[in-house]
Engineer: 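After the structure tokens below, expect a handful of questions from me.
Small disclaimer: the values here were computed from a predicted structure and weren't measured.
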Amino acid sequence: MSQPDTACGTTAAAPREKRSLTSDQIQEILPHRFPFLLVDRIVDYEPGVFATGIKCVSVAEPVFCGHFPQEHVMPGVLLLEALAQVGAVALLSCPENRGKIAYFGGVKKCRFKRKVTPGDLVELHCRLTEQRGSVGFGQAVATVEGAVACSAELTFAIGS
């Protein structure tokens, strides 16, 4: 992506309709499965440009058995993973990347601003900013009720 506002190498087009993906459709793009698929729905995306998803945090998730028994808090690393999964949807929904896998390659400038707890609806957004060969970069932010819970710069490595 030489320009961040282009989709899979094409030029920006006129206004578009929102695209969404169900959990079943997400599993056609990502290899993750329960309990590690951390995105419940993609509410909008543009292949090669961005994806926005949601995670409905439930007390029934296995991680809350041990994190923490006295106060349930979603681990920050799982928030980062959820953001990376949303970014991978944006990257892997490009026709040239269909059927490939996106590995989490790195994280920079990560900040945690608020706790995420059971009952929260987390909005996950990742905008791809650059691609150099099989390596992609993105700006990611997770919010709850409009407040930033986590932000980071992510790196992806596209494998076969």
Side-chain angles (χ1 to χ4, degrees), residues 1 4 18-94 97 100-159:
M1 289 169 273
K18 281 188 169 187
R19 299 177 184 158
S20 63
L21 298 170
T22 66
S23 58
D24 292 325
Q25 293 168 317
I26 293 168
Q27 289 184 49
E28 292 174 11
I29 298 170
L30 298 180
H32 305 79
R33 298 296 181 264
F34 178 83
F36 211 66
L37 179 59
L38 299 174
V39 182
D40 295 319
R41 180 175 299 276
I42 296 294
V43 295
D44 194 16
Y45 74 104
E46 187 169 343
V49 178
F50 79 93
T52 300
I54 56 171
K55 165 69 177 160
C56 304
V57 181
S58 168
V59 73
E61 294 179 46
V63 69
F64 292 124
C65 292
H67 198 274
F68 299 103
Q70 71 279 14
E71 180 186 9
H72 297 142
V73 177
M74 185 171 179
V77 294
L78 293 184
L79 274 178
L80 278 173
E81 176 62 28
L83 286 166
Q85 288 178 16
V86 168
V89 167
L91 204 56
L92 299 177
S93 59
C94 285
N97 293 330
K100 295 183 180 180
I101 190 166
Y103 297 102
F104 198 167
V107 61
K108 291 182 182 178
K109 300 182 182 177
C110 180
R111 297 290 179 263
F112 298 101
K113 303 283 190 172
R114 84 180 289 285
K115 292 187 289 187
V116 174
T117 59
D120 286 342
L121 179 69
V122 184
E123 184 173 300
L124 306 156
H125 182 77
C126 185
R127 176 167 290 280
L128 302 176
T129 56
E130 186 179 357
Q131 186 171 342
R132 291 186 222 141
S134 63
V135 178
F137 303 89
Q139 292 284 118
V141 64
T143 60
V144 176
E145 296 180 358
V148 174
C150 176
S151 62
E153 295 177 4
L154 306 178
T155 303
F156 304 92
I158 302 171

Engineer: Would you give the length of the straight line joining atom CD1 of I26 to atom OG of S93, rounded to the nearest 0.5 angstrom?
Structural biologist: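 If we round to the nearest 0.5 Å, I26:CD1 and S93:OG are 11.5 Å apart.
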Engineer: Return all side-chain donor-acceptor pairs below 3.5 angstrom for residues 55-65, not counting sequence neighbours, or 'none' if the list is empty.
Structural biologist:
{"from": "K55", "atom 1": "NZ", "to": "E61", "atom 2": "OE1", "distance (Å)": "3.1"}
{"from": "K55", "atom 1": "NZ", "to": "E61", "atom 2": "OE2", "distance (Å)": "3.3"}
{"from": "S58", "atom 1": "OG", "to": "A60", "atom 2": "N", "distance (Å)": "3.1"}
{"from": "E61", "atom 1": "OE2", "to": "S58", "atom 2": "N", "distance (Å)": "2.8"}

Engineer: Which side-chain N or O atoms in residues 73-85 pair as donor and acceptor under 3.5 Å with protein atoms at least two apart or in another chain?
Structural biologist:
{"from": "E81", "atom 1": "OE2", "to": "H32", "atom 2": "NE2", "distance (Å)": "3.4"}
{"from": "E81", "atom 1": "OE2", "to": "Q85", "atom 2": "NE2", "distance (Å)": "3.0"}
{"from": "Q85", "atom 1": "OE1", "to": "L38", "atom 2": "N", "distance (Å)": "2.8"}
{"from": "Q85", "atom 1": "NE2", "to": "F36", "atom 2": "O", "distance (Å)": "2.9"}

Engineer: Should S23 and D40 count as side-chain neighbours, where that means a heavy-atom distance under 4.5 Å?
Structural biologist: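 No, their side chains stay 4.5 Å or more apart.
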Engineer: Work out which heavy atom in G53 is nearest to a heavy atom in V39; give both atom names and the distance.
Structural biologist: CA-CG1, 4.4 Å
Engineer: Which pair of heavy atoms, one from L128 and one from G87, lies closest together, and at what distance?
Structural biologist: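 For L128 versus G87, the nearest heavy atoms are CD2-O, 4.2 Å.
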Engineer: Closest approach of G138 and C126, non-hydrogen atoms and distance?
Structural biologist: CA-SG, 4.2 Å
Engineer: Any side-chain to backbone donor/acceptor pair from T143 onto G146? Under 3.5 Å, distance only.
Structural biologist: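 A pair under 3.5 Å: no.
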Engineer: Side-chain contact, heavy-atom cut-off 4.5 Å: L21 with E28?
Structural biologist: no
Engineer: Look up atom CG in L154 and atom CD in Q139, then write down how far apart they are to the nearest 0.5 Å.
Structural biologist: 8.5 Å
Engineer: Would the distance check show the side chain of E46 and the main-chain N or O of G48 forming a donor-acceptor pair, the cut-off being under 3.5 Å?
Structural biologist: no
Engineer: Return the minimal non-hydrogen interatomic distance between Q25 and S20, and the atom names on each side.
Structural biologist: OE1-O, 4.0 Å
Engineer: Just jot down the side chain to side chain donor-acceptor pair (under 3.5 Å) partners of H72, sequence neighbours excluded, or say none.
Structural biologist: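 H72 satisfies side chain to side chain donor-acceptor pair (under 3.5 Å) with no residue once adjacent residues are dropped.
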Engineer: Could you list the residues that satisfy side-chain contact (heavy atoms from CB on, under 4.5 Å) with V43, not counting sequence neighbours?
Structural biologist: R41, T52, I54
Engineer: Working to the nearest 0.5 angstrom, can you tell me the gap between E130 CD and T155 OG1?
Structural biologist: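 Rounded to the nearest 0.5 Å, the CD-OG1 separation comes to 10.0 Å.
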Engineer: Any side-chain heavy atom of H125 sitting closer than 4.5 Å to one from F50?
Structural biologist: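 Yes; the side chains approach each other to less than 4.5 Å.
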Engineer: Sequence neighbours excluded, which residues qualify as ring pair (Phe, Tyr, Trp, His ring centres under 6.0 Å) partners of F156?
Structural biologist: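 Applying ring pair (Phe, Tyr, Trp, His ring centres under 6.0 Å) to F156 gives none.
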Engineer: For V116 versus A149, what's the shortest heavy-atom pair and its separation?
Structural biologist: CG2-CB, 3.8 Å
Engineer: Can you name the side chain to side chain donor-acceptor pair (under 3.5 Å) partners of E71, sequence neighbours left out?
Structural biologist: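 Testing E71 for side chain to side chain donor-acceptor pair (under 3.5 Å), a comparison that skips the adjacent residues, returns K115.
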Engineer: Which distance, rounded to the nearest 0.5 Å, do you find between the CG of L91 and the CD of Q131?
Structural biologist: 5.5 Å
Engineer: Verify side chain to side chain contact (heavy atoms under 4.5 Å, CB included) between I158 and N97, making sure each step is shown before the conclusion.
Structural biologist: CA-CA 8 Å; I158 302 171; N97 293 330; 3.8 Å; yes
Engineer: Does R19 reach the main-chain N or O of I42 with its side chain, forming a donor-acceptor pair under 3.5 Å?
Structural biologist: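 Looks like no, no N/O pair under 3.5 Å.
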